[in-house]
Amino acid sequence: MQWSLRLRAAERGIWKSAQLRRMLADAGLEISAGKMSSWWAGTPPTMRLEELDVLCAVLECTPNDLMTPEPDKVAARRPRNTDAANGNGGNGDGDPNGNGGTPPAVTPRLGKPRSTPPL
């Protein structure tokens with residue numbers, strides 16, 4: 001998603017994050033300076049719907065005004081191997097472990113050798 005908070009704020013004559021933070025507090029949304037900074041500086045990693053609702057009310061906008069989908073970025077994140085996307089593992093042979101259908105190698109246990117009882 002492309003995040004356009006600063007553009008929408010500027011359209012409303014809001015040039016500083018502290019000013020927007022005060023406006024949000026006046027509308028009933030108290031957020032930390034750190035959270036406001038992350039919203040102002042770039043795309044927030046998460047946002048509660050309640051926060052988005054108040055933000056839109058204060059800026060007199062809709063979520064669509066603040067966020068623009070970026071389908072090319074979504075496509076770039078998709079796995080290239082179609083079998084992996086279909087849940088068949090990563091190598092196309094139907095083995096979800098990706099080891100060619102052969103059982104995994106057994107590693108011998110290291111440690112103190114067993115003593116054999118006398119005959």
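FYI, the numbering just counts along the sequence from 1. What you are looking at is a predicted structure, and each value in this text was computed from that prediction instead of being measured.
When side chains are defined from C-beta on, Arg8 does not count as touching Thr62, because their heavy atoms never get closer than 4.5 Å. At a threshold of 4.5 Å between non-hydrogen side-chain atoms, the residues Glu60 and Arg12 count as touching. Looking at heavy atoms from C-beta onward, Arg6 lies out of side-chain contact with Ile14 at the 4.5 angstrom threshold. Contact check for Asp65 versus Ser4: no side-chain heavy atoms found under the 4.5 Å cut-off.
Listed for the Trp3 side chain is a donor-acceptor partner under 3.5 Å among the backbone atoms of Trp39. With Ser32 contributing its side chain and Lys35 its backbone, the two residues share a donor-acceptor pair below 3.5 Å.
The line from CG of Asp53 to CE of Met47 is 11.5 Å long, rounded to the nearest 0.5 Å. Separating the CG atom in Leu59 from the CD atom in Glu11 is a distance of 9.5 Å, to the nearest 0.5 Å. Here the NZ atom belonging to Lys16 is positioned 9.0 Å from the CZ atom belonging to Arg22, to the nearest 0.5 angstrom. From Glu51, atom CD reaches atom CG of Leu24 across 9.5 Å, with rounding to the nearest 0.5 Å. Here the straight-line distance linking atom CZ of Arg77 with atom NZ of Lys73 works out to 10.0 Å at 0.5 Å rounding.
Across all non-hydrogen atoms, the minimal contact from Pro63 to Cys56 is N-SG, 3.5 Å. Listed here is the closest heavy atom pair of Leu66 and Leu5: CD2-CA, 3.9 Å. Among all heavy-atom pairs drawn from Thr43 and Met1, the shortest one is OG1-O, 3.8 Å. Of all non-hydrogen atoms in Leu29 and Val54, the two that sit nearest each other are CB-CG1, 3.7 Å.
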